[in-house]
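As structure tokens, the structure follows; a few thoughts come after it.
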Amino acid sequence: MKESEIKKKYNYKINELKNHNKLYFDKSTPKISDKEYDKIKREILDLENKFSFLKSSYSPSNSLGFTPSKNFIKSNHRVKMLSLSNAFNKDDLENFEKKIFNYLNKKVEIEYSVEPKIDGISASLTYKNGLLVLGTSRGDGTTGEEITENLKTIGDIPHQITNNDFPKDIDIRGEVFIKKSDFNNLKNDFANPRNAASGSLRQKNPKETKKIPLNFIAYTYGYFESDKIKKQSDFLSSLKKWGFNTSEHNKVIKTINDLETFHKKFEKDRFDLEYDVDGLVYKINSLELQRRLGFTANSPRWAIAHKFSADSAYSQIKDINIQVGRTGALTPVARIKPVNIGGVVVSNATLHNEDEIIRKDIRIGDTVKIERAGDVIPHVVLVDFKKRKKSSKKFVFPKKCPCGFETTKEFNKVTKKFDAVRRCPDRGFECEKMAVEKIKHFISKEALNIDGLGKKVVEKFWDLKLIRFPQDIFNLDYTQISKLEGWGDLSVSNLKFSIDQSKKVSLDKFLYSIGIRHIGIENAKLLAEYTKSISNFLNFIKNKKINEFLNIDGIGETQINSLKKFFENKSNYKIIEKLSFILDISDLKLNKNGKLLNNTFMFTGKLSNMSRAEAKSLIEENSGSVVSSVNKKLKYLIIGEKPTNRKVEQAKELGIKILSEKDWLNLLN
Ligand code: IVH
């Protein structure tokens, strides 16, 4: 081997080590075992022994290379710190309740714990035997940073709690914030109170944190075992008793109408509060109902944030462009004269779809009102017709996708109306606009999550024709990339490394990453649980058995039709097949400790106490699995109201145990 090649190999190993250190120390997400890690270290040392010209300050022979993260120590939350879904109006609230009733399979009377949504930084405090032993930031929701000493400088946070009824082991969660009056003195240093709180909390030196007056309001728990407290409102009262600050505006409200009334009033009064509030949080008050409802991928089913209305401003539309999304949706975007809305400069605003443009009669040159709320994309609310020039012309929405294909509006069988969104029909990767978006989705955080290959890089590689299909990512021309501006040896080898790392992917993430319309994270998980392996999944497709997915609770006509449409295009199948050879796609990791392990269940008929979705998650929480057809593998058939007789008979013939809903619940305890 030539010296240059040896050096190259050595540098690659060093980078590999660097990246693993980063994953381990900075992100707390090691991707290799200790054994594999040691192997890399050994390989580096072996090379150094053999070739004296090899040297790196990062080498394991140099202990300096091993100083862990310069940031805070990472710590995994015992219970994830999730976010909340948003509601902006009464429809959203009604929808939220409807979903709850569907999940529970019946209408129940709901009582809400209503709390101000404080706009600060959330923190988690672990108390063991009454002592504050750990304080963490939210981080990415799964892993936070240990900021115990900084949190301890906050006067509102008790270091020790001696009440007899204070749980022996509990994570108390709440919001760290800065009062508006205190922020006035810091105005020149930070953009808003939230940034000030965040900056102060993450000071390396807790003494610096102490300099900025921070406050803490407690509102929930993470890890906590108790059967004594039954309601969120009781938990809030207990928090107060234990010495925590709670909001004086917490309330219990029963109906959506009353929630609306309170929201309207609070929206006006909020300016008199000592701290910034960006909405109200409604939580189902019964902790038992909360437990039953559980979580979706990102947020609890039992809570919602009802946001206050957005900030707005007027500006002029300079142009209207059409953007094509991953699923082919044509979204018109108004390019506007830059305008400051609530502290953020906005120069683009979405016009949603063709129908919205027609309904609001939006034209190029119009002066329009633009709204912006939190992290939601700014949108055009109305046109100021008085300012419209006589010469203005109606905007003609293009009937063709920028790629040249004719677009269509789908007919919705349920509403008996044409869809408001115009789409480029999915022709696999033939529509270039869609193809780039599909690749961006493929590498995104919740999909393959490739560090160093962000959306901008994908666009650049696309323009350079380095990628056309997802599989091209694994066969990049690194020599060409290293010649590009801004791509040094280090960034190239980092990219290579992250791409390599991303090859290990779970089946659900992979199915999500393909970007089939209507197959989001939740549905991808359902398909993965059902098909178990990528080869099985491909067999279902190859043998035209997509309809069988209808047996999965949560997968309906919409998803089936979308899957069929997607796979009608043979190139889509081929791409997935190719990827399945390149990637190491693992099965879903299931809980293997529950009492229903190795037991298979099937339902027929309507359950009276819960929805199928809830029943299924109960079984899965206990390590059992739910199947969709009666065969020898089935152990129990659970019979609800009006069962399908054929299924019951088949089960009897095969000697499968038949349970009533009550028998089944008894089995579960
Ligand atoms: S409960 C699982 N209650 O809002 C949900 N959150 O988008 C746990 N927040 O990260 C959160 N006030 O920082 C909850 N009374 C309140 C809150 C609140 C503010 C923040 C919190 C959280 C975010 C959720």
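Atom set for the values below is all heavy atoms of this structure, side chains included, hydrogens, waters and symmetry mates excluded. Count residues from 1 along the sequence. Remember, it's 1-based here, ligands and their atoms both numbered in the order they're listed.
In this structure, atom 8 (C) of ligand 1 lies nearest to the protein heavy atom L82 O, 4.3 Å. In this structure, atom 10 (O) of ligand 1 lies nearest to the protein heavy atom S122 OG, 3.7 Å. Closest to atom 9 (N) of ligand 1 among all protein heavy atoms lies Y219 OH, 3.5 Å. Among protein heavy atoms, atom 5 (C) of ligand 1 sits closest to L84 CD2, 3.6 Å.
Which parts of ligand 1 touch P116 is read off a 4.0 Å heavy-atom cut-off, strictly below it: atoms 12 (N), 15 (N). When each atom of ligand 1 is checked for a heavy atom of V281 under 4.0 Å away, the hits are 16 (C), 17 (C).
When the heavy-atom distances from atom 4 (O) of ligand 1 to E115, K117, H249, E175 are ranked, the shortest goes to K117. Distances from atom 2 (C) of ligand 1 to the heavy atoms of G222, P300, A303, S113 put P300 nearest.
Looking at ligand 1, you'll find an N or O of I118 within less than 3.5 Å of one of its N or O atoms. For the pair K283 and ligand 1, the shortest N or O to N or O distance falls below 3.5 Å.
Proximity of S299 to ligand 1 is not established, as no heavy-atom distance is less than 4.0 Å.
Under 4.0 Å from ligand 1, not a single heavy atom of S247 appears.
One finds a salt bridge joining E529 and K616 here, because a Lys/Arg side-chain nitrogen approaches an Asp/Glu carboxylate oxygen to under 4.0 Å. Between K228 and D165 there is no salt bridge, since none of the side-chain N atoms of the basic residue sits less than 4.0 Å from a carboxylate O of the acidic one. The residues K179 and E274 are annotated as salt-bridged, a charged nitrogen and a carboxylate oxygen being separated by less than 4.0 angstrom. Salt-bridge formation is not detected for the pair K307/D92: no Lys NZ or Arg NE/NH1/NH2 atom is positioned less than 4.0 Å from an Asp or Glu carboxylate oxygen. Under the 4.0 Å criterion applied to side-chain N and carboxylate O atoms, E437 and K440 are assigned as salt-bridge partners.
Not counting sequence neighbours, the partners of E356 by the salt bridge (Lys or Arg N to Asp or Glu O under 4.0 Å) test are R359, K360.
The ring-ring contact (aromatic ring centres under 6.0 Å, His included) contacts involving residues 130-171 comprise Y127-F166, F166-W242, where partners must be two or more places apart or lie in separate chains.
With respect to I100, the side chain to side chain contact (heavy atoms under 4.5 Å, CB included) criterion is satisfied by exactly one of I284, N95, L289: I284.
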